Amino acid sequence: MRHKPVIFIPARFASTRFPGKPLVMLKGANGQAKSLLQRSWEAAKAVVGVDGVFILTEDERIRAAADEFGATTLMTSDACRNGTERCAEALAQLDTPPDVVVNLQGDAPLTPSRYVEALINAMSEADAPQVATPALKTTGAHLNLLKKDRREGRVGGTTAVFDQSGHALYFSKEVIPYTSDYGDEDETPVFHHVGVYAYTPDALKRYMQSDPGPLETLEGLEQLRFLENGVPVRCIRVDGKTNSFWEVNNPCDVEMVEAILQREGIA
């Protein structure tokens with residue numbers, strides 16, 4: 001018997017680049033301010049076909065904020081080094097283990113439900129992967145924003161490269177592959193990695209049995225532990241034709257995300 005997927009939203013208060021980030025307020029199209037955490041939870045609640053949405057944290061301030069807007073919180077230990085480890089720990093708290101765990105990171109409130117649903121669909125196919133994640137094909141304008149972060153010394157969005165079957169070759173906080181300049185509306189060969197993962201419980205178990213490798217440590221990217229230990233990660237191609245996508249990685253991203261919320265009429 002198959003069990004519906006669950007969505008976990010790992011949220012950590014202590015962030016090196018942006019302390020207290022989950023509780024930063026973002027103003028929507030109607031002028032109402034909601035926390036980044038609440039907006040990420042609302043994005044998760046819009047996904048069809050899941051059994052539950054849970055916020056994962058070790059911080060009482062985040063749990064208190066989640067209680068205020070009606071979210072369910074699972075408390076995890078402060079020993080978790082990243083969101084994937086937090087998901088693996090929280091999985092043991094569920095009465096009925098799901099077939100698929102979705103990790104929707106709490107800094108990406110602009111993640112469309114169709115991106116997450118595409119992952120869930122991929123995990124139910126006959127040749128389903130153990131791990132899947134979206135990769136957004138960039139336009140020249142989007143690529144220029146990624147390059148601007150690096151040029152100005154900020155660690156911003158992550159990029160992904162993958163083979164013809166969609167299997168990830170590498171993820172990096174640098175902009176890869178190297179490209180020339182493109183017009184704002186031109187499609188580019190660069191894919192922005194969207195911070196959402198779908199895992200099988202077995203993949204999470206294997207993850208916890210492995211130590212961080214040199215690439216994960218250098219890049220600060222949790223998904224590289226899978227690649228460094230021979231676990232394939234399938235990149236699911238998505239597009240931004242009907243939406244704009246950006247994450248809150250740094251304080252300067254708040255203004256950009258608020259502008260998108262207002263432009264796209266998201267309350």
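This structure is a prediction, so every number in the text was calculated from the model and none was measured.
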Side chain proximity check, Leu221 to His193, heavy atoms < 4.5 angstrom: no
Shortest non-hydrogen separation from Tyr199 to Ala203 and the atoms involved: CB-CB, 4.4 Å
Contacts of Glu152 that satisfy side chain to side chain contact (heavy atoms under 4.5 Å, CB included) - sequence neighbours left out: Lys148, Arg154
Val155 backbone acceptor or donor facing Asn249 side chain under 3.5 Å: no
His142 and His192 aromatic ring geometry - parallel, tilted or perpendicular at 30°/60° bounds: perpendicular
Partner residues of Thr242 under the side-chain hydrogen bond (donor to acceptor under 3.5 Å, both in side chains) criterion, sequence neighbours left out: Arg114
All ring pair (Phe, Tyr, Trp, His ring centres under 6.0 Å) counterparts of Tyr115, not counting sequence neighbours: none
Inter- and intrachain pairs under ring-ring contact (aromatic ring centres under 6.0 Å, His included), touching residues 80-114, at least two apart: none
Side-chain (Asp59) to main-chain (Arg61) donor-acceptor, under 3.5 angstrom: yes
Non-neighbouring partners of Glu264 that pass side chain to side chain contact (heavy atoms under 4.5 Å, CB included), sequence neighbours left out: Asn243, Ser244, Ile260, Ile266
Derivation of the side chain to side chain contact (heavy atoms under 4.5 Å, CB included) call for Tyr182 and Thr138: CA-CA 10 Å; Tyr182 290 85; Thr138 63; over 6 Å; no
Gln93 CD: over 12 foreign heavy atoms closer than 6.0 Å: yes
Check: Pro5 and Met123 side chains under 4.5 Å, non-hydrogen atoms: no
Pairwise side-chain contact, Arg151 with Val175, heavy-atom cut-off 4.5 Å (strictly under): no
Heavy-atom donor-acceptor pair, Glu117 side chain to Val48 backbone, under 3.5 Å: yes
Val6 with Ile55, same ILVMFWY side-chain cluster at under 4.5 Å: no
Short side-chain to backbone donor-acceptor contact, Thr76 and Ala90, under 3.5 Å: no
Straight-line distance of Cys235 SG to Leu136 CG, nearest 0.5 Å: 12.0 Å
Polar side-chain atom of Asp149 near backbone of Leu146 as donor-acceptor pair, under 3.5 Å: no
Asp253 vs Glu247, side chain to side chain contact (heavy atoms under 4.5 Å, CB included): CA-CA, chis, key distance, verdict: CA-CA 7 Å; Asp253 295 321; Glu247 301 145 323; over 6 Å; no
Side-chain touch Val47/Ile120, heavy atoms, less than 4.5 angstrom: yes
Shortest non-hydrogen separation from Ala44 to Ile9 and the atoms involved: CB-CD1, 3.9 Å
Considering all heavy atoms, the nearest Leu215-Leu224 contact: O-CD1, 3.6 Å
Minimum-distance pair of heavy atoms, taken over all atoms of Pro189 and Pro177: O-CD, 4.0 Å
All pairs passing salt bridge (Lys or Arg N to Asp or Glu O under 4.0 Å) where residues 189-199 contributes a residue, at least two apart: none
Close side-chain approach of Val116 to Leu104, heavy-atom, < 4.5 Å: yes
Within one Ile-Leu-Val-Met-Phe-Trp-Tyr cluster: Leu169 and Val231, side-chain cutoff 4.5 Å: yes
Minimum-distance pair of heavy atoms, taken over all atoms of Ala43 and Pro109: CB-O, 3.7 Å
Atom pair CG/NZ of Leu218 and Lys173 - distance to nearest 0.5 Å: 11.0 Å
Check against side chain to side chain contact (heavy atoms under 4.5 Å, CB included), Leu26 and Glu258: CA-CA 6 Å; Leu26 300 174; Glu258 283 185 326; 4.1 Å; yes
Side chains of Asp107 and Lys21 in contact at under 4.5 Å (non-hydrogen atoms): yes
Listed partners of Asp184 passing side chain to side chain contact (heavy atoms under 4.5 Å, CB included), at least two apart: Ala141, Asn144
Hphob cluster co-occupancy, Val194 + Trp41, side-chain heavy atoms under 4.5 angstrom: yes
Residue pairs, two or more places apart or on separate chains, that pass salt bridge (Lys or Arg N to Asp or Glu O under 4.0 Å) and touch residues 161-172: none
Co-members of Phe162 in a cluster of I, L, V, M, F, W and Y side chains, linked at under 4.5 Å: Phe191
Pairs touching residues 219-235 that satisfy salt bridge (Lys or Arg N to Asp or Glu O under 4.0 Å), sequence neighbours left out: Glu85-Arg225, Glu125-Arg234, Asp127-Arg234, Glu216-Arg225
Salt bridge (Lys or Arg N to Asp or Glu O under 4.0 Å): pairs with one or both residues in residues 47-58, sequence neighbours excluded: Glu58-Arg86
Derivation and outcome, side chain to side chain contact (heavy atoms under 4.5 Å, CB included), residues Val233 and Tyr197: CA-CA 9 Å; Val233 176; Tyr197 305 93; 5.7 Å; no
Contact check, side chains of Thr159 and Tyr170, non-hydrogen atoms, under 4.5 Å: no
Thr57 side chain to Arg63 backbone, donor-acceptor under 3.5 Å: no
Check: Lys147 and Thr179 side chains under 4.5 Å, non-hydrogen atoms: yes
Heavy-atom closest contact (Thr188 atom, Gly140 atom, distance): CG2-N, 3.6 Å
Side-chain (Glu89) to main-chain (Ser77) donor-acceptor, under 3.5 angstrom: yes
Hydrophobic cluster identity match, Val131 and Leu119, side-chain contacts under 4.5 Å: no
Glu174 backbone acceptor or donor facing Ser172 side chain under 3.5 Å: yes
Pairs satisfying side chain to side chain donor-acceptor pair (under 3.5 Å), at least one member in residues 23-40, at least two apart: Lys34-Glu42, Gln38-Glu42
